[in-house]
Amino acid sequence: MKIILLHGLYMHNVVMLPLEKRLERAGHEVLNLGYRTVAPDLEEMFKAIDAYIDGDDAAIVAHSMGGVMARTYLECQSEMSHHVKTVVTLGTPHNGSQVAAFFKNIGVGDVMFDQATKYLLPDEIPSWSSKAALYSLAGDLSIGPATILLHGQPSDGTVLLEETKIEGMTSHEIFPLTHTSLIFSERVSDRVIEILE
């Protein structure tokens with residue numbers, strides 16, 4: 001199966017290399033797509049995804065904001081988007097990010113997040129409307145800004161556990177990991193491979 005990897009905010013696709021290699025060893029073809037997270041060029045991104053899928057069955061595996069980008073791609077309803085059968089998100093704030101809201105409320109959100117603000121702080125609570133099955137994998141090892149800024153609400157240190165849930169998802173699974181370690185965990189990559197099989 002063809003897999004598209006999408007990294008998270010302030011990251012580069014190099015962080016997805018360990019997961020890319022594990023997926024390739026499991027027999028998958030992988031596009032590890034980089035994009036400008038604070039000013040994503042959706043047209044460029046979605047054209048690259050469409051060209052890669054090229055009529056074959058596909059899945060998207062995405063970390064953090066990458067999962068929001070995956071949902072945005074599927075909502076555009078391109079011909080190729082209908083070939084995406086499965087989406088696996090790792091620590092994605094499907095319902096928006098309270099950490100991003102905190103920084104916006106103190107007046108630095110626009111500087112920190114630029115155009116990503118509309119994806120991290122949606123006007124309405126979204127739902128999963130795609131026919132692709134969504135597996136939301138989340139962490140609950142709370143080491144990071146959310147622990148301090150949001151007063152101990154269950155989180156992976158960056159994204160609250162509740163933010164990783166979305167109406168219409170197929171499953172929600174929790175791992176004892178921080179936000180970034182979700183990308184590198186062998187246990188998580190094993191689960192991703194199991195889902196894709």
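Along the sequence shown, residues are numbered consecutively beginning with 1.
- Only one option out of V159, L6, L9 pairs with M65 in a side chain to side chain contact (heavy atoms under 4.5 Å, CB included); it is L9.
- Every residue meeting the ring pair (Phe, Tyr, Trp, His ring centres under 6.0 Å) condition with F46, not counting sequence neighbours, appears here in chain and number order: Y73.
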side-chain contact (heavy atoms from CB on, under 4.5 Å) assessment of T86 paired with L196: CA-CA 7 Å; T86 305; L196 296 176; 4.3 Å; yes
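- Sparse packing is recorded around CD of E79, with 12 or fewer heavy atoms of other residues, nucleotides or ligands lying under 6.0 Å away.
- Distance alone, capped at 3.5 Å, is enough to place a donor-acceptor pair between the Y35 side chain and the H7 backbone.
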Stepwise side-chain contact (heavy atoms from CB on, under 4.5 Å) check, I4 with Y52: CA-CA 8 Å; I4 298 103; Y52 176 70; 3.8 Å; yes
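- Inspection of the T92 and S64 side chains reveals no N or O donor paired with an N or O acceptor under 3.5 Å.
- If you chain together hydrophobic residues whose side chains sit under 4.5 Å apart, V30 and V87 never meet in one group.
- Side-chain contact check for N32 and E20: at least one donor-acceptor pair (N or O, by modelled atom type) lies under 3.5 Å.
- One side chain, H94 or T89, offers a donor N or O that lies under 3.5 Å from an acceptor on the other.
- Listed by first and then second residue, the salt bridge (Lys or Arg N to Asp or Glu O under 4.0 Å) pairs that reach into residues 45-57 are K2-D56, E43-K47, sequence neighbours excluded.
- With hydrogens and angles ignored, the 3.5 Å screen pairs no side-chain donor or acceptor of S185 with any backbone N or O of L182.
- For residues 165-184, the salt bridge (Lys or Arg N to Asp or Glu O under 4.0 Å) pairs, not counting sequence neighbours, are E162-K165, E173-R191.
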